[in-house]
Amino acid sequence: MSEKTGPLSERARVRRVARRADYERETLNAIIDAAYVCHLAFTDQRGTHCIPTACWREGDYLYIHGSNGSQLIKAAALGAQVCLTITHIDGLVLARSAFHHSMNYRAAVIYGVCEEVEGEHKLESLDALVEKIAVGRSKEARRANAKERAATTVLRVALDEYSCKIRTGGPKDDDEDIDLPVWAGVLPLALVPVAAVPADERVDMPSYVAQWGHQG
Ligand SMILES: Cc1cc2nc3c(=O)[nH]c(=O)nc-3n(C[C@H](O)[C@H](O)[C@H](O)COP(=O)(O)OP(=O)(O)OC[C@H]3O[C@@H](n4cnc5c(N)ncnc54)[C@H](O)[C@@H]3O)c2cc1C
């Protein structure tokens, strides 16, 4: 029987409702791979910020990219301490009491310092982002040219210090509320693809676009 991984640092130890904590790398990978967006928090001379941005994973790193001019990219590229969060909401939990209403979720918090990705790896990483959007797409879309590459910074954070927290299941009502005549249960939520909207009719839809919105 394999032993469960414990907290990776003191600040990454889930204290509140610790039974929902999960420190397994597979869990973190799955949360990142299912996400299009992370929120990156950092502090600079103007204060503390928390900015949403696209993210993707390659191996043991989470990647972000952006314009060289963005304050987020500038601060992160200068080696600021960052904290990234990812949240997937899986359902609204309706309890019999107002107090016990909740949400089902998979969430991750990642701490670290960004390092810049350069050279051929930078190009490959930008391909990986396009592949995350649609598998096969990096072979079809024009690759970033020298000017576009020069205007873009790619950064990555090692997945060394993180926590995941997951809530599943129904409401946790108090025993004395169970017989109240109030509907209780879960309203599940999911991020689902809907039919693609072509920019124009000049090119036939590739199969991955035609299938979009018709999966499952
Ligand atoms: C969709 C959603 C809705 C939520 N709604 C509420 C709400 O309304 N009220 C409320 O009190 N809490 C809510 N939570 C839980 C919230 O994220 C915190 O876990 C909780 O508030 C405890 O905060 P804390 O600072 O005391 O955590 P602590 O347990 O003290 O945090 C210590 C460490 O645990 C880790 N950690 C804490 N929370 C998370 C997390 N969610 N995911 C991954 N790692 C984590 C971090 O590394 C953090 O530094 C919600 C979470 C999600 C994802």
Side-chain angles (χ1 to χ4, degrees), residues 5 7-12 22-88 106-164 191 199 203 206 208-209 212:
T5 308
L8 297 151
S9 72
E10 196 44 32
R11 69 175 168 177
D22 190 326
Y23 305 103
E24 299 298 327
R25 260 302 298 276
E26 294 71 31
T27 305
L28 178 71
N29 289 352
I31 289 173
I32 299 172
D33 294 347
Y36 291 103
V37 171
C38 67
H39 286 76
L40 189 147
F42 62 97
T43 300
D44 64 12
Q45 66 282 3
R46 283 182 286 181
T48 300
H49 315 272
C50 183
I51 308 286
T53 192
C55 66
W56 68 103
R57 184 180 67 86
E58 291 173 55
D60 296 331
Y61 295 87
L62 180 147
Y63 286 71
I64 61 167
H65 81 318
S67 158
N68 297 343
S70 92
Q71 62 161 358
L72 151 69
I73 294 295
K74 281 197 274 194
L78 283 173
Q81 286 277 336
V82 297
C83 177
L84 295 127
T85 62
I86 294 173
T87 310
H88 300 286
R106 290 158 288 140
V109 173
I110 302 159
Y111 296 99
V113 173
C114 291
E115 61 176 295
E116 192 163 348
V117 177
E118 292 177 289
E120 187 58 24
H121 187 188
K122 177 175 174 179
L123 262 180
E124 290 165 1
S125 297
L126 292 170
D127 285 347
L129 169 60
V130 176
E131 285 296 306
K132 176 158 187 174
I133 292 169
V135 174
R137 187 83 187 155
S138 68
K139 304 279 181 299
E140 298 174 12
R142 176 180 65 73
R143 236 181 171 191
N145 61 31
K147 190 177 166 202
E148 290 164 340
R149 288 202 302 274
T152 305
T153 300
V154 176
L155 299 169
R156 69 180 190 176
V157 179
L159 301 174
D160 291 336
E161 190 183 359
Y162 60 85
S163 55
C164 304
L191 185 66
V203 179
Y208 58 82
V209 174
W212 188 258

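Throughout, residue positions are numbered sequentially from 1 according to the sequence presented.
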note = In this structure, CG of Leu28 is separated from CG of Leu8 (nearest 0.5 Å) by 9.5 Å
Can you give each donor-acceptor pair under 3.5 Å made by side-chain atoms of residues 109-118, sequence neighbours left out, with the distance rounded to 0.1 Å?
none

query = Sequence neighbours excluded, which residues qualify as ring-ring contact (aromatic ring centres under 6.0 Å, His included) partners of His39?
reply = none
Cys164 side, atom SG; Ile32 side, atom CD1 - distance, nearest 0.5 Å = 8.0 Å
Glu124: salt bridge (Lys or Arg N to Asp or Glu O under 4.0 Å) partners, not counting sequence neighbours = none
ask   = Would Tyr162 and Leu84 satisfy side chain to side chain contact (heavy atoms under 4.5 Å, CB included), going step by step from the backbone distance to the final call?
value = CA-CA 9 Å; Tyr162 60 85; Leu84 295 127; over 6 Å; no
message = Any carboxylate oxygen within less than 4.0 angstrom of a Lys/Arg side-chain nitrogen, looking at Asp60 and Arg25?
response = yes
inquiry  = Could you check whether any side-chain N or O of Lys122 sits under 3.5 Å from a backbone N or O of Val154, counting only pairs where one atom can act as donor and the other as acceptor?
reply    = no
ask   = With sequence neighbours excluded, what pairs up with Tyr63 under the ring-ring contact (aromatic ring centres under 6.0 Å, His included) test?
value = Trp56, His121
task = Show your reasoning for whether side chain to side chain contact (heavy atoms under 4.5 Å, CB included) applies to Leu72 and His49.
result = CA-CA 8 Å; Leu72 151 69; His49 315 272; over 6 Å; no
message = Strictly distance-based, threshold 3.5 Å: is any side-chain N or O of Glu148 a donor or acceptor partner for the main-chain N or O of Asn145?
response = yes
task = Sequence neighbours left out, what passes salt bridge (Lys or Arg N to Asp or Glu O under 4.0 Å) with Glu120? Give chain and number order.
result = none
query = Between Tyr23 and Ser163, is a side chain to side chain contact (heavy atoms under 4.5 Å, CB included) present by the stated rule, with each step listed?
reply = CA-CA 5 Å; Tyr23 305 103; Ser163 55; 3.9 Å; yes
ask   = Distance-only, no hydrogens or angles: does the Glu131 side chain make a donor-acceptor pair with backbone N or O of Ser138 under 3.5 Å?
value = yes
inquiry  = Set out, in order, the CA-CA distance, both residues' side-chain angles and the distance that settles side chain to side chain contact (heavy atoms under 4.5 Å, CB included) for Lys74 and Asp44, then state yes or no.
reply    = CA-CA 10 Å; Lys74 281 197 274 194; Asp44 64 12; over 6 Å; no
Asp33 side chain to Arg57 backbone, donor-acceptor under 3.5 Å = no
query = Does Arg143 have any salt bridge (Lys or Arg N to Asp or Glu O under 4.0 Å) partners at least two apart in sequence or in another chain, and if so, which?
reply = Asp127
message = Is it the case that the side chain of Tyr61 and the backbone of Leu159 share a donor-acceptor pair, with hydrogens and angles ignored and the cut-off at 3.5 Å?
response = no
